Amino acid sequence: MCGIVGVISQQPANQLIYDALLLLQHRGQDAAGIVTMLGTKCFMHKARGMVRDVFRTRNMRALPGTVGLGQVRYPTAGNAYSEEEAQPFYVNAPFGIVLVHNGNLTNAPALKAELFEIDRRHINTESDTEVLINILAHELELAARDLPLSPEAIFKAVAAVHRRLKGSYAVVALIAGYGLLAFRDPYGIRPLCLGTGSDGEVIVASESVAIEGTGYQVQRDVAPGEALFVDLQGRLHARQCAARPTLHPCMFEFVYLARPDSVMDGISVYQARLNLGETLAQRVINAMPPSDIDVVIPIPESSRPSAMQLAHRIGKPYREGFVKNRYVGRTFIMPGQAVRKKSVRQKLNAIGVEFKDRNVLLVDDSIVRGTTSKEIVQMAREAGARRVYMASAAPPVRFPNVYGIDMPTKEELIAHGRSIE
């Protein structure tokens with residue numbers, strides 16, 4: 001899971017990309033990078049850390065041009081601690097290509113071997129994004145050999161990329177001197193949407209909030225398997241490049257990852273979370289008499305809409321019982337179980353008056369490893385709750401997500417191999 005953005009504008013692109021990345025910061029807190037293009041020359045700055053820390057005034061001044069792209073990274077493949085693996089990635093042939101990628105290639109090791117043995121390209125990091133940019137570069141070279149680079153040739157290359165890649169990928173790339181390319185995997189696992197401005201500017205981003213929040217109009221989602229090419233004059237070319245595209249978005253985008261004010265594939269994330277709460281309420285009613293519950297308390301932040309809807313449906317008060325420290329990162333995307341466990345208490349603190357001598361129904365968006373849930377139940381008990389019920393707005397997570405979320409082995413998942421009871 002990462003956040004990506006690309007723009008072709010009439011104004012300097014650096015500030016626009018910076019603002020969009022701030023709006024996508026929830027999608028990755030490990031590293032950030034921006035590339036801008038002036039003529040055929042690319043300018044890059046990337047480093048580990050949050051957007052506000054990576055880009056200082058001097059860095060922004062060194063990013064001229066009206067065309068560019070950026071990424072906030074949450075590593076699910078490769079080395080989380082390597083500065084080299086921060087995106088964007090760059091290759092100088094053909095044309096000069098810079099690329100950012102959200103997702104996870106499941107056949108990256110096989111592709112890496114192919115690139116070395118057949119395509120004669122060397123991969124220097126463990127990042128699947130470096131594999132992806134080299135596959136794209138090779139296919140562009142084949143498609144445009146002895147020909148001028150046209151949208152037709154670009155779409156032919158993307159079609160070949162789709163045939164070779166397995167896994168999830170939403171991609172934004174700059175082709176030096178030509179324009180901006182964006183495409184999405186044939187299943188649309190990771191989100192990508194298109195926006196425009198009044199002066200013909202074009203923006204693509206992981207979430208609609210990054211388009212609206214920078215003053216642009218959301219036009220539509222990039223379809224699964226579709227490629228968009230925007231030339232330097234702002235002309236948009238679109239083509240379906242996959243043989244059998246079908247929409248299978250990642251459920252976790254709606255449960256946890258995306259901002260609630262985003263709309264993905266025509267579905268409001270906020271409305272999806274209300275719907276989860278409605279369904280969960282019915283399950284609670286079926287499992288126990290609501291009269292056993294005194295109060296419904298969400299575990300901030302993403303479970304709030306579900307908890308509100310559940311409380312409304314069962315006719316019980318909704319209360320904020322935990323205060324969140326906004327300066328601690330998202331525990332789900334922290335490397336290592338020990339760090340994750342320690343940070344729960346740094347991140348949340350209970351309001352004792354909401355728990356004391358009450359039967360409390362805690363609502364979380366999902367239960368993955370169960371580490372955080374155990375800590376939070378213990379906190380509720382220590383705050384004086386008479387009885388603690390725990391409800392998950394998402395179904396049991398029983399199997400790994402190999403498409404860009406950090407839950408690599410089924411043994412880590414608390415629901416794996418267990419019944420609901």
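All values derive from a computational prediction rather than experimental measurement. The first residue of the sequence shown is numbered 1, and numbering continues consecutively from there.
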Looking at His237, I'd like to know if its NE2 atom is crowded, meaning that more than 12 non-hydrogen atoms belonging to other residues, nucleotides or ligands lie closer than 6.0 Å.
yes
If you count the non-hydrogen atoms of other residues, nucleotides and ligands that lie under 6.0 Å from CZ in Arg283, is the total more than 12?
no
Checking Lys46 against Phe89: charged group under 6.0 Å from the ring centre and within 45 degrees of the axis?
yes
Under-4.0 Å salt bridge between [X] and [Y]:
X: Glu130; Y: Lys112; result: no
X: Glu139; Y: Arg163; result: no
X: Glu141; Y: Arg121; result: yes
X: Arg184; Y: Asp265; result: yes
X: Arg190; Y: Asp185; result: no

Could you tell me whether a side-chain N or O of [X] sits under 3.5 Å from a main-chain N or O of [Y], the two making a donor and an acceptor?
X: Arg273; Y: Pro305; value: no
X: Asp364; Y: Ser392; value: no
X: Ser208; Y: Val263; value: yes

Report yes or no: do [X] and [Y] form a side-chain donor-acceptor pair below 3.5 Å?
X: Gln25; Y: Arg52; answer: no
X: Ser262; Y: Glu207; answer: yes
X: Tyr169; Y: His162; answer: yes
X: Ser302; Y: Asp365; answer: yes
X: Glu226; Y: Gln240; answer: no

Do any side-chain atoms of residues 96-103 form donor-acceptor pairs under 3.5 angstrom with protein atoms, and if so which ones, sequence neighbours left out?
from, atom 1, to, atom 2, distance (Å)
His101, ND1, Thr129, OG1, 3.1
His101, NE2, Ser168, O, 3.4
Asn102, OD1, Cys2, N, 2.7
Asn102, ND2, Cys2, O, 3.3

Within the structure provided, determine whether Glu320 and Arg304 are in side-chain contact (heavy-atom separation under 4.5 Å).
yes
Can you give each donor-acceptor pair under 3.5 Å made by side-chain atoms of residues 191-202, sequence neighbours left out, with the distance rounded to 0.1 Å?
from, atom 1, to, atom 2, distance (Å)
Thr196, OG1, Gln219, NE2, 2.8
Glu201, OE1, Asp199, N, 3.1

Residues which pass side-chain hydrogen bond (donor to acceptor under 3.5 Å, both in side chains) with Asp261, listed by chain and number, not counting sequence neighbours:
Arg259
